Amino acid sequence: MTKRIIVALDFNAADQALSLLDKLDPALCNVKIGKELFTACGPDVVRATIARGFDVFLDLKFHDIPNTVANAIRVTAELGVWMVNVHASGGLVMMEKAREALAGFGDQRPLLIAVTVLTSLAQEDLRQIGIETSAEEQVSKLAFLSREAGLDGVVCSAAETRLLRAQLPAEFCLVTPGIRRPEDASDDQKRIVGPVEAVRNGSNYLVIGRPITQAESPNEALAEFNLALASVD
Ligand code: C5P
């Protein structure tokens, strides 16, 4: 089975995250630790998650001067995470330095991906920060820049997946949040897509939070998602 699902551990306490992990099988999913859990619990929760056998996407979206980002990325690799990310708008040099910081880790290095344009930003928000092109063009431009810097992929919304897949080679990873089945609540997600459709559109990994973490049986919900995805492998 291809492990495509990354379960988002959006909690503010380690015991909540770890008790969810006790219900999930690391052979069936990877997990994402973001700013909330990391700020509350620090690297210990990352180590505890890895010790339970899970591959961790550390979603801290670094954006700073190249030297600072490269050093932070090196520390994430020392922690043993599987995937880590930066903001592509930090620029080509920042991304190149981040990539170079991983050179010494060989096969053990984390995948390094970039956030292009946050999906929370509408056209008017982009204009306010000096970006006059369409959001779509900006996403595409930053995805190409990420590839030029030697990154492994980008986070992209379901709405962008198909376009980026058509423009970028198959080995360039697309990681897609906003995944819902028809029976799931959309919560605060606006542009949602089904898991099978996301993979058919070219997504490699699906970030799924509440439909699994808030399910009565997270383990069963994960199994259902995986079963649906087995048809596309
Ligand atoms: O619970 P839900 O499935 O909506 O969680 C989606 C996860 O993906 C959350 O951790 C959210 O912060 C993250 N994410 C997102 N949209 C983006 C980038 C990240 O929903 N554009």
Side-chain angles (χ1 to χ4, degrees), residues 4-13 16-17 20-21 23-24 29-41 45-46 49 54-63 81-90 111-123 125-126 135-136 138-140 142-143 146 151 153-164 173-199 201-218 221-222 224-226 228-229:
R4 293 189 187 275
I5 295 177
I6 303 174
V7 178
L9 301 180
D10 291 325
F11 301 109
N12 59 18
Q16 292 170 13
L20 175 72
L21 293 180
K23 297 176 192 134
L24 298 175
C29 65
N30 298 335
V31 296
K32 177 171 92 71
I33 293 178
K35 286 180 167 131
E36 183 186 7
L37 185 59
F38 191 81
T39 303
C41 308
V45 75
V46 178
T49 304
F54 289 90
D55 285 340
V56 173
F57 168 20
L58 190 58
D59 179 21
L60 297 182
K61 302 186 180 74
F62 293 128
H63 186 172
V81 303
W82 159 71
M83 179 182 273
V84 63
N85 60 359
V86 298
H87 268 285
S89 49
L111 293 170
L112 178 61
I113 65 167
V115 174
T116 55
V117 176
L118 290 170
T119 48
S120 51
L121 297 176
Q123 202 63 53
D125 303 303
L126 292 176
E136 212 171 57
Q138 184 69 3
V139 166
S140 183
L142 290 176
S146 309
L151 268 60
V154 290
V155 182
C156 68
S157 82
E160 296 151 1
T161 312
R162 198 192 286 265
L163 173 78
L164 290 180
C173 224
L174 302 180
V175 179
T176 312
I179 304 297
R180 292 293 186 273
R181 298 161 300 179
E183 66 266 37
D184 294 321
S186 56
D187 304 307
D188 53 352
Q189 296 283 10
K190 296 213 171 76
R191 286 175 297 171
I192 53 174
V193 71
V196 171
E197 190 188 350
V199 172
N201 285 349
S203 183
N204 303 82
Y205 294 102
L206 312 180
V207 176
I208 305 176
R210 289 160 289 184
I212 292 175
T213 61
Q214 306 303 314
E216 211 169 293
S217 167
L222 173 63
E224 282 165 20
F225 272 104
N226 275 326
L229 290 175

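Predicted model only: the values in this text are computed from it and were never measured. Read the numbers this way: they start at 1 and go in the same order the structure lists the ligands and their atoms. This chain uses plain numbering: 1 for the first residue, then up along the sequence.
When the options Asn85, Val7, Asp10, Leu9 are ranked by their closest heavy atom to atom 10 (O) of ligand 1, first place goes to Asp10. The heavy atom nearest to atom 8 (O) of ligand 1, considering only Val207, Ile192, Asp59, Ile6, is found in Val207.
The OG1 atom of Thr176 sits 6.5 Å away from the CG atom of Leu206 when rounded to the nearest 0.5 Å. With values rounded to the nearest 0.5 angstrom, Leu20 atom CG is found 8.5 Å from Gln214 atom CD. To the nearest 0.5 angstrom, Ile179 atom CD1 is 6.0 Å from Ser203 atom OG.
Shown here are the side chain to side chain contact (heavy atoms under 4.5 Å, CB included) partners of Arg191, two or more places apart in sequence or in another chain: Thr119, Ser157, Ala159. For Ala13, the side chain to side chain contact (heavy atoms under 4.5 Å, CB included) partners are Asp15, Gln16, not counting sequence neighbours.
Listed by atom number, the atoms of ligand 1 under 4.0 Å from Thr119 heavy atoms are 16 (N), 17 (C), 21 (N). Near Pro177, the atoms of ligand 1 lying under 4.0 angstrom from a non-hydrogen atom of the residue are 8 (O), 14 (N), 15 (C), 16 (N), 17 (C), 18 (C), 19 (C), 20 (O), 21 (N). Counting the atoms of ligand 1 from 1 in the order shown, those under 4.0 Å from a heavy atom of Gly209 are 1 (O), 2 (P), 3 (O), 5 (O).
The protein non-hydrogen atom at the shortest distance from atom 12 (O) of ligand 1 is Lys32 NZ, 4.3 Å. Nearest protein heavy-atom neighbour of atom 2 (P) of ligand 1: Arg180 NH2, 3.5 Å. What sits closest to atom 20 (O) of ligand 1 on the protein, heavy atoms only, is Gln189 NE2, 2.8 Å.
Exactly one of Val199, Ile113, Leu164, Val155 qualifies for a side chain to side chain contact (heavy atoms under 4.5 Å, CB included) with Leu174. That residue is Leu164.
On a distance-only criterion, Lys61 and ligand 1 share no N/O pair closer than 3.5 Å.
Remark: distances from the non-hydrogen atoms of Gln214 to ligand 1 are all 4.0 Å or more.
Under a 4.0 Å N-O distance rule, the pair Arg210/Asp10 does not qualify as a salt bridge.
The aromatic rings of Trp82 and Phe57 stand perpendicular to each other, their planes meeting at an angle above 60°, with 30° marking the opposite boundary.
Contacts between Arg210 and ligand 1, counted as non-hydrogen atom pairs separated by less than 4.0 Å, involve both the backbone and the side chain.
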